[in-house]
Amino acid sequence: MRRLSAFPAKPAQLDLFMSQGRDIAARDAQDLMAWPFFSLAKSKRVRPIDFRMGEVSILVEATAEHGMATIWDADVLIWVASQIVEARDAGRPTSRLIAATPHEILAFTRRGTGKASYERLKAGLDRLQSTTIATSIRQHDARRRHRFSWINEWKERLDHSGRALGIEMIIPDWFYEGVINQALVLTIDADYFALTGGLERWLYRLVRKHGGKQRGGWSFDFQHLHMKSGALSPPKRFAFELRDIVRRQALPGYTLTIEHALGRERLNFVAVRPDPIDAAMRRLGLRTTNHHPVDMS
């Protein structure tokens, strides 16, 4: 009996999806917000993330050449998700093959737009392409694994005279399917991009995923947070950094508190009711505060 392949004999040709500009809401994929997929350090990480909780398993592996994709590199995926959702909601066709200019991505994610920022973006694209993930998330059988890279491939686009036009990238099915599914994407505060620490960026995404707009908020104990972060820092250092984030009230849109019970620390977070004037100006695309590009050096 001939064995049937699970893959099509010929992959379908992907249509090119052109970006829609930068003045759109920022959206994030909930799976990426809830689980440890990225390095939280700016220094190169090659040690894998090997996470297991119930039926969820995640293995993230990096190459020695590029290191693991970081939570700052994940800004590219937030930009991609935002573009796809914007087009989907407007009834425009989308694709896993996406074209953009580096300036669009850098401006949307509040980076500088000079040569150094462009070089850092390219290094981030290399990390996203070379980092591999194997996960049971969204698989019908918990024993199955979907293996992919955050970017299947990417290239610089040139015109006939060799002048740079931008970049093209192909995102994996696993990520694309999660973004197309409206229930698996959340809008995030654009002030997220101004967060400079890896832990506070990770914590904002987790808080936004679980706390949402619930009146009573949500809470996690420190030990559970440390496990879910995938961070390499020891528990004592992790707890010290969490307390500092609470002290600074660093997460946009949320109030953080710590409670002590039975000798353990627990982080509580509650959504802040937005100022109506500020909310109205945001809906109109206006800002009530001044923001500066984030220095990623």
Side-chain angles (χ1 to χ4, degrees), residues 25-42 49 51 53-54 56 58 70-72 74-75 78 109-110 183-283 287-292 294:
R27 279 97 166 192
D28 206 349
Q30 291 195 46
D31 289 330
L32 275 61
M33 301 166 79
W35 305 105
F37 282 109
F38 302 98
S39 170
L40 306 186
K42 291 182 179 178
I49 295 174
F51 175 87
M53 180 182 288
V56 171
I58 299 169
T70 71
I71 199 156
W72 295 274
D75 286 0
I78 294 175
T109 58
R110 297 191 185 175
L184 296 179
V185 177
L186 289 175
T187 300
I188 63 172
D189 195 313
D191 287 343
Y192 165 80
F193 297 118
L195 297 176
T196 57
L199 183 60
E200 61 191 27
R201 280 174 157 248
W202 167 80
L203 186 61
Y204 171 81
R205 298 172 84 189
L206 187 75
V207 165
R208 176 67 183 93
K209 165 68 174 70
H210 290 285
K213 306 296 183 183
Q214 299 180 73
R215 185 179 298 273
W218 203 269
S219 69
F220 286 112
D221 71 37
F222 277 29
Q223 183 179 358
H224 184 79
L225 288 171
H226 183 256
M227 180 178 61
K228 288 202 75 171
S229 72
L232 293 176
S233 57
K236 286 187 177 180
R237 179 65 190 178
F238 180 86
F240 174 83
E241 293 178 356
L242 273 186
R243 295 186 204 107
D244 183 61
I245 292 171
V246 174
R247 180 186 60 79
R248 293 184 288 110
Q249 292 296 311
L251 306 191
Y254 291 90
T255 297
L256 310 177
T257 57
I258 295 174
E259 68 176 32
H260 297 78
L262 301 176
R264 304 181 74 165
E265 289 180 289
R266 193 169 188 88
L267 177 70
N268 302 314
F269 42 91
V270 180
V272 176
R273 185 180 297 275
D275 179 87
I277 296 177
D278 181 66
M281 295 186 72
R282 286 171 182 264
R283 286 195 297 271
R287 306 295 297 178
T288 56
T289 54
N290 294 321
H291 300 283
H292 304 285
V294 177

If you compare all heavy atoms of [X] against all heavy atoms of [Y], which two are closest, and at what distance to 0.1 Å?
X      : Y      : answer
Pro36  : Ile58  : O-CG2, 3.7 Å
Pro252 : Asp189 : CB-OD2, 3.9 Å
Ala231 : His226 : O-NE2, 4.3 Å
Ile71  : Arg205 : CG1-NH1, 3.8 Å
Arg110 : Ala194 : NH1-CB, 4.2 Å

Return the [atom1] to [atom2] distance between [X] and [Y], rounded to the nearest 0.5 Å.
X      : Y      : atom1 : atom2 : answer
Leu40  : Ser233 : CG    : OG    : 8.0 Å
Phe222 : Met227 : CZ    : CE    : 15.0 Å
Thr70  : Lys42  : OG1   : NZ    : 9.0 Å
Asp28  : Thr187 : CG    : OG1   : 10.0 Å
Ser219 : Ile258 : OG    : CD1   : 12.0 Å
Ser229 : Trp35  : OG    : CH2   : 13.0 Å

**Study point:** Aromatic ring pairing Trp218/Phe220, orientation class (parallel under 30°, perpendicular over 60°, tilted between)
**Key:** tilted
Practice item. If the plane angle is over 60° it's perpendicular, under 30° parallel, otherwise tilted; pick one for Tyr204 and Tyr192. Key: tilted
Just so I know, are the side chains of [X] and [Y] near enough to count as touching, which here means a heavy-atom distance under 4.5 Å?
X      : Y      : value
Phe38  : Arg201 : no
Glu200 : Arg248 : yes
Arg27  : Leu186 : no
Ile78  : Phe193 : yes
Glu265 : Glu259 : no
Val185 : Gln30  : no

Point to revise | All pairs passing salt bridge (Lys or Arg N to Asp or Glu O under 4.0 Å) where residues 223-240 contributes a residue, at least two apart | key: Arg237-Glu241
**Study point:** Single hit among Leu256, Thr257, Ile245 for side chain to side chain contact (heavy atoms under 4.5 Å, CB included) with Leu267
**Key:** Leu256
Practice item. Determine, stepwise, if the pair Phe238 / Leu199 fulfils side chain to side chain contact (heavy atoms under 4.5 Å, CB included). Key: CA-CA 9 Å; Phe238 180 86; Leu199 183 60; 3.4 Å; yes
Practice item. Test side chain to side chain contact (heavy atoms under 4.5 Å, CB included) on His224 and Met53 and set out the steps. Key: CA-CA 11 Å; His224 184 79; Met53 180 182 288; 3.5 Å; yes
Check your understanding: Salt bridge between Lys209 and Asp31, side-chain N to carboxylate O under 4.0 Å?
Key -> no
Practice item. Assess whether atom CD of Gln223 is packed by more than 12 heavy atoms of other residues, nucleotides or ligands within 6.0 Å. Key: no
